[in-house]
2 protein chains.
Amino acid sequence: MLIRNAKEIGVFVRERRLKLKLSQAELSQRVGVSRLWIVLLEKGKPTAQLGLVLRTLNALGLSLKISESTGSLQPGKIDLDKLLRQRTGKGVL
Amino acid sequence: MLIRNAKEIGVFVRERRLKLKLSQAELSQRVGVSRLWIVLLEKGKPTAQLGLVLRTLNALGLSLKISESTGSLQPGKIDLDKLLRQRTGKGVL
DNA sequence: TGTATATGTAATCGTTCGCTTACTTTTTTG
DNA sequence: CAAAAAAGTAAGCGAACGATTACATATACA
């Protein structure tokens with residue numbers, strides 16, 4: 001499944017945990033975090049620390065694959081201010 | 001590529017950034033973080049916030065896929081203390 | 001070669017993480 | 001139904017995040 005944001009990870013984590021018949025308490029101990037942290041992660045906490053998230057995925061037997069997404073990389077909102085800031089007057093645009 | 005820890009993400013981010021010929025400064029602006037944060041991320045900062053990491057991957061045209069890792073989920077270090085704590089004396093082991 | 005440009009490091013600072021504890025609400029199960 | 005287990009919520013606190021600023025080192029390139 002493609003992951004775009006924290007909420008999607010949260011959903012996936014919860015479903016996997018339930019599939020494994022683990023309680024939040026059980027999982028939290030395996031991962032080494034508080035139960036509250038698991039609650040928040042499953043709710044899609046975007047400020048959760050990367051390392052703890054990865055440990056959680058490992059504990060659940062989930063794996064992450066990273067790859068170049070085919071197609072145009074995030075169109076990248078043209079920001080005139082930025083363009084001007086960039087390298088003053090070297091003929092951008 | 002399989003991602004197991006923060007360092008692996010860091011390496012992948014850096015390689016991708018260079019492939020796109022972006023400076024750390026450019027990337028940091030696109031993502032909306034400080035340049036220092038990019039430096040640390042590329043070094044494998046495990047405490048980086050999940051949301052910022054995902055935004056960075058998007059900005060670089062990278063996508064994450066999550067899936068059940070075939071085989072035995074993380075063997076799960078047998079922790080006697082935990083087993084005992086679990087449900088006292090309901091015949092674990 | 002020297003000079004911009006990119007990258008690495010350090011220190012300070014306000015904000016927020018994640019932990020603990022305690023309590024409530026929901027779900028399970030005997 | 002009653003009791004237990006699981007899950008949600010709140011408050012307080014120390015620790016660490018990420019931003020900013022400043023300077024040092026590397027790399028590019030004219």
Side-chain angles (χ1 to χ4, degrees), chain A residues 5-7 9-60 76 79 81-93, chain B residues 5-60 76 79 81-92:
Chain A
N5 53 53
K7 195 151 288 189
I9 287 192
V11 171
F12 208 89
V13 161
R14 167 173 272 249
E15 287 181 349
R16 176 64 169 170
R17 177 177 63 79
L18 293 176
K19 198 168 297 175
L20 294 178
K21 295 222 167 77
L22 290 174
S23 69
Q24 293 175 339
E26 239 301 293
L27 177 57
S28 70
Q29 289 186 62
R30 290 196 190 184
V31 178
V33 296
S34 70
R35 185 177 65 84
L36 176 55
W37 189 86
I38 297 289
V39 171
L40 297 177
L41 176 65
E42 292 185 350
K43 291 198 134 193
K45 189 172 211 260
T47 59
Q49 297 186 10
L50 177 61
L52 300 181
V53 174
L54 293 178
R55 271 161 52 188
T56 304
L57 297 184
N58 283 337
L60 288 172
D79 180 343
D81 286 340
K82 181 178 56 191
L83 283 178
L84 294 174
R85 242 177 286 124
Q86 206 91 313
R87 4 184 118 228
T88 330
K90 266 202 178 173
V92 190
L93 295 193
Chain B
N5 54 53
K7 195 151 288 188
E8 291 180 358
I9 287 192
V11 172
F12 208 90
V13 162
R14 167 173 271 247
E15 288 182 348
R16 176 63 171 171
R17 175 177 65 79
L18 294 175
K19 198 167 298 175
L20 295 178
K21 296 219 166 78
L22 291 174
S23 69
Q24 294 176 338
E26 238 301 291
L27 177 58
S28 71
Q29 290 186 64
R30 292 196 189 184
V31 178
V33 296
S34 68
R35 186 177 64 84
L36 175 55
W37 189 85
I38 297 289
V39 171
L40 298 177
L41 176 66
E42 292 186 348
K43 290 199 134 192
K45 187 172 212 258
T47 59
Q49 295 187 10
L50 177 61
L52 300 181
V53 174
L54 293 178
R55 271 160 55 188
T56 304
L57 297 184
N58 284 336
L60 289 172
D79 178 343
D81 285 338
K82 181 180 56 189
L83 283 178
L84 292 175
R85 243 177 287 125
Q86 206 91 314
R87 0 186 122 227
T88 331
K90 265 205 177 172
V92 192

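Not measured: the values here are computed from a predicted model. Numbers restart at 1 for each chain; the letters A, B, ... are given by sequence-line order, proteins then strands.
- Looking only at side-chain heavy atoms (C-beta outward), Leu50(A) and Pro46(B) stay at 4.5 Å or farther from each other.
- The distance from atom CG of Leu22(A) to atom C1' of dA7(D) is 14 Å, rounded to the nearest whole Å.
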Sugar-phosphate or base contact per nucleotide [nucleotides 16-23 of chain D; S, B, -; heavy atom under 4.0 Å]:
-SSSB---
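- Note: CG (Leu40(B)) to C1' (dT9(C)) measures 10 Å, nearest angstrom.
- Residue Arg14(A) contributes atom CZ, which lies 11 Å from atom C1' of dT26(C) at whole-angstrom precision.
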Residue pair Val31(B), Leu52(B): steps toward the side chain to side chain contact (heavy atoms under 4.5 Å, CB included) verdict:
CA-CA 8 Å; Val31(B) 178; Leu52(B) 300 181; 5.5 Å; no
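- Between Gln49(B) and Lys45(A), every side-chain heavy-atom pair lies at or beyond the 4.5 Å cut-off.
- Summarising the geometry, the separation between CD1 on Ile38(A) and C1' on dT20(C) is reported as 16 Å, rounded to the nearest angstrom.
- For Lys21(B) and dT5(C), the NZ to P distance is 18 Å, given to the nearest whole Å.
- In terms of phosphate contacts, Lys43(B) brings a side-chain nitrogen or oxygen within less than 4.0 Å of OP1 or OP2 of dT9(C).
- In this structure, the side chains of Glu8(B) and Asn5(B) come closer than 4.5 Å at one or more pairs of heavy atoms.
- Across all non-hydrogen atoms, the minimal contact from Leu60(A) to Arg16(A) is O-NE, 2.7 Å.
- Look at CD on Gln29(B): it is 13 Å from P on dT7(C), rounded to the nearest Å.
- Straight-line distance from the CD atom of Gln24(A) to the P atom of dC19(C): 13 Å, rounded to whole Å.
- Salt bridge Arg30(A)/Glu26(A): present, at least one basic N to carboxylate O contact under 4.0 Å.
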